[in-house]
Protein chains: 2
Amino acid sequence: MDDARLIVDAETVVAERPRDHKAELRLWLRLLTCATLVEDEIRSRLRSEFDVTLPRFDLMAQLHKAPDGLTLSQLSGRMMVSNGNLTALVERLVEAGQLERRVSETDRRVVNVVLTAQGERDFAAMASRHEGWIADFFGELSDAESEDLMRLLGKLKASARAAITGPREGR
Amino acid sequence: MDDARLIVDAETVVAERPRDHKAELRLWLRLLTCATLVEDEIRSRLRSEFDVTLPRFDLMAQLHKAPDGLTLSQLSGRMMVSNGNLTALVERLVEAGQLERRVSETDRRVVNVVLTAQGERDFAAMASRHEGWIADFFGELSDAESEDLMRLLGKLKASARAAITGPREGR
DNA sequence: CGGATTCATTTTAAGCTTAAAACAATTGGC
DNA sequence: GCCAATTGTTTTAAGCTTAAAATGAATCCG
């Protein structure tokens, strides 16, 4: 067809060829495999050692980082999870005695959630084990490799965010 | 305290200190963020553009790669998903006219699943868009960076697998 | 003051996910 | 041929997840 414009320079050629993106696809699949591999194993260990689900662990981790408690909306924002989801999740942890709900006195719409002493203790035990597991999973990477990976993932994160948020042409 | 044993060499110090593994934890969190970011966006686009869920897309992708069809067990193995899960998933795609079940004639326990012509058409359209999205998400990475990332993730995959399968002491 | 709007949470409906139990068909050993 | 073990699938129970509708409370503004 119009091969005339093809030979400009290497970059342009790459950009204009309707090339297949199998390499990116493989990269994505590998990234997903790694994440799933690690996540599923953590899930399974949390379950067998502590009889806790990953979402509950995540929720407790958020509250641990915020000793003064958080509202449901703050939690759903930080956990990237829907508000309705949280209502049920919190409910179960309250039943288990690890969380406490406190309806705000200044604004009766908001519910503050805090770890109980029991919840704090339970979480400490889990977090310590959890950190060790992660160290094991990443154990074969040298410090330099970890740094490289950290940097590349940082770049990917920025790239993906741009691709997701960006394409609002004309603003 | 007992600083006496501290000065041996850098490696020993690192190895013996009951050091915290916050760096690995941050790395894991970043990896998870990237995977979740991309996966959620794919999920959302598949839903809004094609009214299809990610699990259904994955299932169709597996069948597309195996034009002669697969059994439920083969599918559950490749998708890393439970057998029971698949039964329901397949059921819905059959209702949608994209899949066909065929009870094997040689072994009446096994069910073979194949894409219908409609399913094949639907999948082709989705797969093409999907590939473009991935290319966009990874767009800011140079070819060299993509290769590095591929290699490092390969190493991580091996490391994690070893940590997961390995620690059966004494065999 | 009072109606409209906004905001935080809960409820609902639909779907994904798993582990474990149940079922059904086949195969192996006698 | 028959019984036991194995294998492939389905069912069940429990939990996670979301989007959308519903509720209830606070705030805005005329």
Side-chain angles (χ1 to χ4, degrees), chain A residues 32 35-36 39-48 50-60 62 69-96 98-113, chain B residues 32 35-36 39-62 69-96 98-113:
Chain A
L32 187 57
T36 305
E39 187 171 352
D40 284 357
E41 185 65 16
I42 292 173
R43 208 182 284 276
S44 148
R45 292 185 183 186
L46 281 176
R47 188 158 125 79
S48 63
F50 298 102
D51 194 32
V52 85
T53 64
L54 186 50
R56 288 179 200 189
F57 175 74
D58 286 344
L59 173 38
M60 291 174 87
Q62 291 298 333
L70 293 169
T71 68
L72 287 181
S73 295
Q74 287 173 325
L75 273 171
S76 84
R78 294 181 197 202
M79 296 176 66
M80 312 252 280
V81 134
S82 73
N83 243 326
N85 193 348
L86 231 39
T87 296
L89 210 43
V90 165
E91 180 52 30
R92 294 193 192 95
L93 284 168
V94 168
E95 279 168 24
Q98 293 166 318
L99 253 61
E100 208 180 294
R101 309 166 101 116
R102 296 187 191 146
V103 174
S104 162
E105 287 173 19
T106 58
D107 183 339
R108 293 209 315 276
R109 289 172 307 179
V110 340
V111 179
N112 271 277
V113 182
Chain B
L32 188 58
T36 305
E39 188 171 352
D40 285 357
E41 185 66 15
I42 292 173
R43 210 182 283 277
S44 148
R45 291 185 183 186
L46 281 176
R47 188 157 125 79
S48 62
E49 288 196 25
F50 299 102
D51 194 31
V52 85
T53 65
L54 187 49
R56 289 179 198 188
F57 175 73
D58 286 344
L59 174 36
M60 292 174 87
Q62 291 298 333
L70 294 169
T71 67
L72 287 181
S73 294
Q74 288 173 324
L75 273 171
S76 85
R78 295 182 196 201
M79 294 176 67
M80 311 252 282
V81 133
S82 75
N83 244 326
N85 193 348
L86 231 40
T87 296
L89 210 43
V90 165
E91 181 52 31
R92 293 194 193 96
L93 284 168
V94 168
E95 278 167 25
Q98 293 166 318
L99 252 60
E100 207 180 294
R101 309 166 102 117
R102 295 187 190 147
V103 175
S104 162
E105 288 173 20
T106 59
D107 184 339
R108 293 208 315 277
R109 290 170 307 180
V110 341
V111 179
N112 271 278
V113 182

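A, B, ... follow the sequence lines: proteins, then strands. Residue 1 opens every chain.
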In whole Å, what is the span from the CZ atom of B:R56 to the P atom of C:dA14?
13 Å

Mind checking whether B:L89 and B:R56 have side chains closer than 4.5 Å, heavy atoms only?
yes

Rounding to an integer number of Å, can you tell me how far A:L89 CG sits from C:dT10 P?
12 Å

Distance in angstrom units between A:L75 CG and D:dT17 P, rounded:
13 Å

Over how many whole Å does the gap from B:R45 atom CZ to D:dT18 atom C1' extend?
19 Å

N/O (side chain, A:N85) to phosphate O (OP1/OP2, D:dC16) under 4.0 Å:
no

So what does B:M79 touch, heavy atoms closer than 4.0 Å: a base, only the sugar-phosphate, or nothing?
nothing

B:R43 has an atom CZ; how far is it from atom P of D:dA19, in whole Å?
11 Å

Taking atom C1' of C:dT26 as reference, at what distance in whole Å does atom CD of B:E105 sit?
17 Å

CD (A:E105) with more than 12 external heavy atoms under 6.0 Å
no

Can you measure from CD (A:E91) to CG (A:L99) and round to the nearest 0.5 angstrom?
10.0 Å

Side-chain H-bond candidate by donor/acceptor type, B:T106 with B:S104, under 3.5 Å
yes

Between C:dC16, C:dT26, D:dT17, which nucleotide gets closest to the side-chain atoms of B:R108?
C:dT26

Over how many whole Å does the gap from A:D58 atom CG to D:dG15 atom C1' extend?
15 Å

Please state how far atom CD in B:E39 lies from atom P in D:dT18, giving the value in whole angstrom units.
12 Å

Assign A:R47 to base, sugar-phosphate, or nothing according to its heavy-atom contacts below 4.0 angstrom with the strands shown.
sugar-phosphate

For A:T106 and A:V81, find the nucleotide of DNA chain D closest to each by heavy atoms; which residue's nucleotide sits nearer the 5' end?
A:V81

What nitrogen or oxygen pairs link the protein and nucleotides 8-10 of chain D at under 3.5 Å?
{"from": "D:dT9", "atom 1": "OP1", "to": "B:V111", "atom 2": "N", "distance (Å)": "2.7"}
{"from": "D:dT9", "atom 1": "OP1", "to": "B:V111", "atom 2": "O", "distance (Å)": "3.3"}
{"from": "D:dT9", "atom 1": "OP2", "to": "B:S73", "atom 2": "N", "distance (Å)": "2.8"}
{"from": "D:dT9", "atom 1": "OP2", "to": "B:S73", "atom 2": "OG", "distance (Å)": "2.6"}
{"from": "D:dT10", "atom 1": "OP1", "to": "B:R101", "atom 2": "NH2", "distance (Å)": "3.1"}
{"from": "D:dT10", "atom 1": "OP2", "to": "B:T87", "atom 2": "OG1", "distance (Å)": "3.1"}

For B:R108, which residues count as a salt bridge (charged side-chain N to carboxylate O under 4.0 Å, His left out) partner, sequence neighbours excluded?
none

Are B:S73 and B:N83 side-chain neighbours, meaning at least one heavy-atom pair lies under 4.5 Å?
yes

Heavy-atom count check: over 12 atoms from other residues, nucleotides or ligands less than 6.0 Å from A:R102 CZ?
no

